[in-house]
Amino acid sequence: MNYPSSSLIVSVYNRPEALELLLLSLLNQTVLPNEIIIADDGSGQDIVNLIEIFKTKISIPIIHIWHTDIGNRKPTILNKSIAKSKYDYIIQIDGDIIMNKYFIEDHLNFSESGVYLFGSRVNTQKTILESIFKNKTLNFSFFSKGIRRRGRTIRIPTLMNFAKKINRRSSKLRGCNMSFWKKDFITINGYNENLVEAWREDSEMAERLHNSGIIAKRLKFAGIAYHLYHKSQSQTLISINLEIEKETILKKIKYTDKGINQYL
């Protein structure tokens, strides 16, 4: 199969035990990306140490992009990291994701010009978190205990042949499981750094993709990802981001004034 060249972008902030499982799941992939970039929003030395260990275990380059921790700046670190990426297709996940072994293959297999992909996630519950870390669990199934949305564990990629393209952003979109062409991302100037903290950065960016003529396709029964439980973050400032997103929708804004162009 002739897949596009790709960069896997992983957004992290501390939590090395979760990143270790993600990197272990990368070792199991049927198809590897051309590089992995750790987009680090100001983690401590534990993350650095872990990355150095995996550089000796993984056959592809691991690039660590880090900036100072002065609060949640996920859009900024993602822009900095994607600016440094060398390849045509971007696969984006969060640092608390365990990838099904076909995860990268599915994203590359269903990539197509003028389209971005978004997948779902299977949520693990707090009750099994300690066991996952202790046993370094990487494999789950429909019958696994302590998971939610277990129907999302089922992989039948041939059903993607019937998937419809979507002209509007889906409410199911999550930045922890999506992929897009780097050139399309640059055309809209990437993530909007006017957003406060890290709420709605993925949906606002997707709105601008649609406004610029890029359409979506949902990975269903493919691109399976398991999300490690964590407490919900504070949303005290989300109203600011909702207003920015609302303006993007109403005015059909295609380009943010504060985006990836700062780092290219």
Side-chain angles (χ1 to χ4, degrees), residues 1 3-13 15-40 47 50-51 53-55 57-64 78 81-82 85 87 89-111 116-125 128-129 132-133 135-142 144 146-157 160 172-180 202 217-230:
M1 188 73 179
Y3 297 122
S5 62
S6 62
S7 301
L8 178 66
I9 309 294
V10 183
S11 58
V12 304
Y13 177 67
R15 213 179 185 200
E17 68 277 13
L19 181 60
E20 180 183 14
L21 294 182
L22 183 152
L23 293 172
L24 287 172
S25 73
L26 181 65
L27 290 172
N28 287 341
Q29 294 299 298
T30 55
V31 175
L32 287 173
N34 295 87
E35 66 180 357
I36 175 172
I37 299 181
I38 308 296
D40 189 345
I47 292 290
L50 182 67
I51 291 170
I53 291 170
F54 273 89
K55 281 182 178 179
K57 296 183 177 183
I58 296 178
S59 59
I60 59 173
I62 303 179
I63 298 97
H64 184 204
L78 285 172
S81 298
I82 294 172
S85 65
Y87 298 100
Y89 198 67
I90 303 297
I91 303 172
Q92 183 178 293
I93 60 176
D94 285 350
D96 53 9
I97 292 291
I98 297 174
M99 297 176 284
N100 171 273
K101 69 178 183 178
Y102 299 104
F103 182 85
I104 301 294
E105 179 180 342
D106 286 344
H107 272 275
L108 296 178
N109 189 34
F110 297 111
S111 63
Y116 75 88
L117 302 175
F118 66 97
S120 303
R121 61 185 185 182
V122 182
N123 287 317
T124 61
Q125 296 178 310
I128 64 167
L129 193 60
I132 290 173
F133 289 138
N135 298 313
K136 300 191 188 306
T137 305
L138 301 178
N139 298 310
F140 301 87
S141 73
F142 182 88
S144 296
I147 62 173
R148 301 176 63 187
R149 307 285 184 136
R150 59 185 62 247
R152 295 176 179 176
T153 64
I154 300 170
R155 182 177 181 270
I156 312 175
M160 279 297 295
K172 294 182 171 62
L173 180 141
R174 297 291 182 273
C176 66
N177 184 355
M178 70 182 301
S179 59
F180 44 84
D202 46 8
K217 187 178 278 190
R218 183 184 178 190
L219 283 173
K220 204 167 183 181
F221 302 109
I224 297 167
Y226 300 95
H227 177 242
L228 295 167
Y229 170 87
H230 59 77

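The local environment of OH in Y229 is crowded, with over 12 non-hydrogen atoms from other residues, nucleotides or ligands closer than 6.0 Å. Surrounding NZ of K101 are at most 12 heavy atoms belonging to other residues, nucleotides or ligands under 6.0 Å away.
Distance check, rounded to the nearest 0.5 Å: CE of M99 to CD1 of I93 gives 4.5 Å. One finds the CG atom of L219 at 10.5 Å from the CE atom of M178 (value rounded to the nearest 0.5 Å). A distance of 12.0 Å separates CZ of R152 from CD1 of I154, quoted to the nearest 0.5 Å. Rounding to the nearest 0.5 Å gives a distance of 10.5 Å between CD1 of I47 and OH of Y13. One finds the CD atom of Q92 at 10.0 Å from the NE2 atom of H107 (value rounded to the nearest 0.5 Å). Here CD1 of I9 is found 12.0 Å from OG of S179. Values are rounded to the nearest 0.5 Å.
The heavy-atom pair separating S141 from I147 by the smallest distance is O-CD1, 3.4 Å. Among all heavy-atom pairs drawn from P33 and S6, the shortest one is CA-OG, 3.3 Å. Of all the heavy atoms in I37 and S85, the pair that sits closest is CD1-CA, 3.6 Å. The heavy-atom pair separating N177 from A225 by the smallest distance is ND2-CB, 3.9 Å. The two residues M160 and K220 have their closest heavy-atom pair at SD-N, 3.4 Å. Here the closest non-hydrogen pair linking I104 and Q29 is N-OE1, 3.0 Å.
Residues L23 and I36 meet the side-chain proximity criterion, which asks for heavy atoms closer than 4.5 Å. With contacts defined as side-chain heavy-atom distances shorter than 4.5 Å, the pair I98/H227 does not qualify. Put simply, the side chain of L21 reaches to within 4.5 Å of the side chain of F133, judged on heavy atoms. Between K55 and I62, some side-chain heavy-atom pair lies under the 4.5 Å cut-off. Counting only heavy atoms from C-beta outward, the side chains of F54 and E20 approach each other to under 4.5 Å. The shortest distance between side-chain heavy atoms of I38 and I63 does not fall below 4.5 Å. Residues P157 and F110 meet the side-chain proximity criterion, which asks for heavy atoms closer than 4.5 Å. Side-chain contact check for R15 versus H230: some heavy-atom pair is nearer than 4.5 Å.
Annotation: side-chain hydrogen bond (donor to acceptor under 3.5 Å, both in side chains) contacts of S11 (sequence neighbours excluded): D94. By the ring-ring contact (aromatic ring centres under 6.0 Å, His included) test, F221 is found to be paired with no residue, residues two or more places apart in sequence or in another chain being considered. Considering only residues two or more places apart in sequence or on other chains, Y116 meets the ring-ring contact (aromatic ring centres under 6.0 Å, His included) condition with H210. Checked against side-chain hydrogen bond (donor to acceptor under 3.5 Å, both in side chains), S25 has no partners two or more places apart in sequence or in another chain. The side-chain hydrogen bond (donor to acceptor under 3.5 Å, both in side chains) search around S7 returns E35, not counting sequence neighbours. Under the side-chain hydrogen bond (donor to acceptor under 3.5 Å, both in side chains) criterion, H64 pairs with D40, sequence neighbours left out.
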Evaluate the side chain to side chain donor-acceptor pair (under 3.5 Å) criterion for residues S5 and Y89: first the C-alpha distance (whole Å), next the side-chain angles of each, then the deciding distance (0.1 Å), finally the verdict. CA-CA 6 Å; S5 62; Y89 198 67; over 6 Å; no
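Between the side chains of S120 and R218, at least one donor N or O lies within less than 3.5 Å of an accepting N or O.
Put simply, the side chain of D106 gets close to the backbone of G223: a donor and an acceptor are under 3.5 Å apart. A donor-acceptor pair under 3.5 Å is absent between the side-chain atoms of R148 and the main chain of N123, judged by distance alone. S81 places no side-chain N or O within 3.5 Å of a backbone atom of L78 that could act as its donor or acceptor partner.
Just one of N34, I90, L26 meets the side-chain contact (heavy atoms from CB on, under 4.5 Å) condition when paired with L8; it is L26. A side-chain contact (heavy atoms from CB on, under 4.5 Å) with L228 is found for exactly one of L22, I128, T124, I97, namely T124.
Because its NZ or CZ atom is not both nearer than 6.0 Å to the ring centre of F118 and within 45° of the ring axis, R174 does not count as a cation-pi partner of that residue.
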